[in-house]
Structure formats: C-alpha cells, structure tokens
Amino acid sequence: MTRTVRILMNGVTGRMGRNQHLVRSILAIRQQGGVSLPDGTVVVPEPVLLGRNPARLEDLARAYGLSLWTTSLDEALSDPEALVYFDAQVTGARAEAVRRAIAAGKHVYCEKPVASDLASALELARLARAAGVANGVVQDKLFLPGIRKLRRLVDAGFFGRVLSVHVQFGYWVFEGDWQPPQRPSWNYRREEGGGIILDMFCHWQYVLENLFGRIRSLVCLGATHVPQRWDEGGRPYPCTAEDAAYAILQLDGGAVVQVLSSWAVRVRRDDLLQIQVDGTHGSAVAGLRDCCVQHRACTPRAVWNPDVPKDHDYYADWSAVPDNESFDNAFKVQWELFLRHALGGAPYRWDFLEGARGLQVVEAAYTSWQERRWVDVPELEL
Ligand SMILES: NC(=O)c1ccc[n+]([C@@H]2O[C@H](COP(=O)([O-])OP(=O)(O)OC[C@H]3O[C@@H](n4cnc5c(N)ncnc54)[C@H](O)[C@@H]3O)[C@@H](O)[C@H]2O)c1
C-alpha cells in the first residue's frame, strides 16, 4: 500500500532548508518512490513550502514542479493531511513555530539547535511528550561516512582505551567587503541567534556522546576575531557574536577532548572537519567522508631532532578505512528514520530531549567563557 503524507517545510528558501532538506532529502525520497514503514506501507512525502516571501516560494515550487506553498503558518497547520511540521528557519524563529505545530497535533522535526536556549528546548520537549507527537532534531554528522567509520572502529574495539580526541572545525568565511560571504549575516549577530558556540556545540555534543561517552565538564573561551562584516545587501555591520571558540572537555571514562571551532582560520588539514582520536591500541583521523588509522603495531619510533632535515613522511604511516557500504546523504538517512518513527512507530533516538542536551552543552560553554571557569554538565531530565 502506498500513502501520500504532506510535510510542512518552513525555512525552505534558506541554505539548509532548500539544499539538504527539500532537494536532497524529501524530493530524493519522492524520487526513489518513498519510505517503507515497518508494516510494509510505503509513504511518499509531499512537501508544502512555508516561508515569508511569496515570490521566492513560488519560484522554488516552480523550479521543482511543486504546487503547495503558503506564507501562512496557521493555514498550513490547519491542513489535516499535513502530519509532519519541519523547521529550518533561522534559529531564533524556531521555538514559537514549533510550539504552534505541537499545539496543532503535528509530528515535529527540526534543524539544530531545537531552540535558542535550554529552557525553551526543554519546554518544547515537554510539550511534544504531553501532546504525544513524534519529535526529532537533525543530528546529521552521525550519518556522515567519516563519522560512521569512526563508529565502526569504536565498535570493533580498535582504539583500546580512548585517551584524547582533537576536533578541528572551520574555514575562512569571507567578510563580505571584497568577496561575498559564504554564510548568512545573522550567524555573526548574537541578537539574531548567531555565534559559533550556539551553531556548533550542539553538533559536538551528539558526535562526542554517541561515539565516546557523556560530557562531564568543559572549559571554553570564545572570541570575535573579525569585528566587522558586510551583510547580504553589502552594508557593513558590527559582529556581536563570537566567530571562534576554543574548548577542552572531559568525558566519562577520562578521555580529554580539545575542540577548535572557527570561521576565521585557513584550512591546511585533510577536511573542513577533522577528528583525531588517540587510544592505547590505535589512532584514527576522520574527515567528513574519509578516515585513516594507525595501529600501535605500525607506529613508527619518532625521535625529536630539529637539527637534521625531516626525512620521514608521517602521513605515509596511516592506512585508509574502506567504505565497505554505500553512504546516502546524511540528512536523507535521518529523514527516513524520522518518517518511519513518526508514521510507522519505529524506534528513534534523536528526539527533542537529545536536542536540549546539545543546548545544555552550548550554555555550559557560554557560562565557562563568561565566568572564566570549568563548568560541569550534569544529566538532563524532563
Ligand atoms: N545541520 C547542519 O549542519 C546545519 C548547518 C547550517 C545551519 N543549520 C541550521 O539551520 C537553520 C537555518 O540555517 P541556514 O544556514 O539555512 O540559514 P539561512 O539564513 O540560509 O535560512 C534561514 C531561513 O529562515 C527564514 N527566516 C525566518 N525568519 C527569519 C528572520 N527573522 N530572519 C532571517 N531569516 C528568517 C528565511 O526565510 C530562510 O528560509 C539554523 O537553525 C541553523 O542552525 C544546520
């Protein structure tokens, strides 16, 4: 049996909403014929585009041969055929819209962070639970090939005891005066939900906790390295949000994690995100898609001697982890899991409470920076 289900998609004129969620997830799922639920029913999602600008929505609908779009959230939410509400708006606009979707009885799925602060995220988690609607938050990095390979290494016991993890994330985001910026200007304004800590620490929370263990405490220093940028209209504006953060985290089991997040660094490493894991039995370095390893039996004897020219290629001591499977788009994989859960009752782990946990780590990082101290991150309950 095949069933069509309308999905309300808010924020689809934005970068993430359009590219990852509409085109590479929902339209790709339509193109493959839908998603099978545990009972064998095949669900074909039909997007309803939601946004603020009618001309842009109409253009988008036309570009992809879609007929349903509206600028009215109330009208969209009153459609009984729409069972799921999805939100990829700017972070600051999310909580209010999600609250209304829950009140209308829709299943809710949204981009990270679930809300701009922990209290609002917990409130949404409670509301969703009380309303009995399925709820989920995007945790896409878990489904990237590089992270999946790290997971495989953890499951195989490759590392022995994990001693330390180094996360390096970032690239140079152009200021906007002489080359257009490649990120939206609200990212650099705290009052509009910007800041790299709010943007990235929810990712670090679920990546670290799903791979290596719970975060127990952290210390963090933020910085606004570039104080002025130019917006989409070419107007200069002062940056009120941090564009870099330097953090150390302690995990259950004793592993120490260093995380550099920055939109003001130039890349000389394997990828825009690189995670190095050093364990007693082996080490790995993962990027977005690739991962390489060095076992303790293959570790060369390094000898410190800056007085002679370097004659050893340290990169040659590593070998690649093979794909061994085909990796679909990370956002699409998670959409399929969410639809199976919301419409077919399949289990699902990445709910609003998990999303709130991400905000707990975000708030701990801001507190640490503001108060210049280590901050504990206790278990979170509804
Ligand atoms: N999972 C990821 O890897 C990832 C990556 C980037 C962004 N995100 C998240 O996705 C969300 C959207 O980010 P983006 O980079 O696509 O942003 P964007 O600026 O490209 O898009 C924002 C969308 O929100 C809408 N919007 C609603 N109210 C608005 C307002 N008051 N001001 C401006 N736009 C408004 C815009 O019309 C647009 O559709 C954010 O919450 C962000 O945290 C997630």
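Both counts, for ligands and for their atoms, begin at 1 and track the order of listing. The figures here come from the full heavy-atom set of this structure, side chains too, leaving out hydrogens, waters and symmetry mates.
Atoms of ligand 1 found under 4.0 Å from any heavy atom of D199, numbered from 1 in the order shown, are 43 (O). Near G11, with a cut-off below 4.0 Å to any heavy atom, the atoms of ligand 1 are 39 (O). Of all atoms in ligand 1, numbered sequentially from 1 with element shown, those under 4.0 Å from a heavy atom of P113 are 43 (O). Distances below 4.0 Å separate heavy atoms of T13 from the following atoms of ligand 1: 37 (O), 38 (C), 39 (O).
A donor-acceptor contact under 3.5 angstrom links the side chains of Q32 and E336, judged on distance only. In summary, the side chains of D87 and Y85 do present a donor paired with an acceptor at a separation below 3.5 Å, with no hydrogens or angles considered. Donor-acceptor pairing under 3.5 Å is recorded for the side chains of Q250 and S217.
Ranked by closest heavy atom to atom 33 (C) of ligand 1, the top entry among Q89, R52, H203, R18 is R52. Ranked by closest heavy atom to atom 41 (O) of ligand 1, the top entry among R94, R15, E111 is R94.
At the top of the distance list for atom 43 (O) of ligand 1, counting protein heavy atoms only, stands K112 O, 3.0 Å. In terms of protein heavy-atom proximity, atom 3 (O) of ligand 1 is closest to K141 NZ, 2.9 Å. Counting only heavy atoms of the protein, atom 40 (C) of ligand 1 lies nearest to T91 OG1, 3.5 Å. Protein heavy atom nearest atom 21 (O) of ligand 1, with residue, atom name and distance: G14 CA, 3.2 Å. The protein heavy atom nearest to atom 7 (C) of ligand 1 is M16 CG, 3.3 Å. Protein heavy atom in closest approach to atom 18 (P) of ligand 1: W186 NE1, 3.8 Å.
Looking at ligand 1, you won't find any N or O of V138 less than 3.5 Å from one of its N or O atoms. Every N/O-N/O distance between A93 and ligand 1 stays at or above 3.5 Å. Remark: ligand 1 and V90 share an N or O pair separated by less than 3.5 Å (distance only, no angle test).
Using a 4.5 Å cut-off on side-chain heavy atoms (C-beta onward), V361 and W204 make no contact.
Ring pair H21/W335 is perpendicular by interplanar angle, where above 60° counts as perpendicular and below 30° as parallel. Ring-plane geometry between F169 and Y171 is classed as perpendicular, the angle between the planes exceeding 60 degrees on a 0 to 90 degree scale with a lower cut at 30.
Geometric assessment of R190 against the ring of Y366 yields a positive cation-pi assignment under the 6.0 Å and 45° thresholds.
A salt bridge links K149 with D323; the closest basic N to acidic carboxylate O contact falls under 4.0 Å. A salt bridge links R6 to D79: at least one charged side-chain nitrogen sits closer than 4.0 Å to a carboxylate oxygen.
For the atom pair CD1 (I102) and CD (E123), the distance works out to 8.5 Å, reported to the nearest 0.5 Å.
Note on ligand 1: A88 sits in its first shell, one or more heavy atoms being nearer than 4.0 Å.
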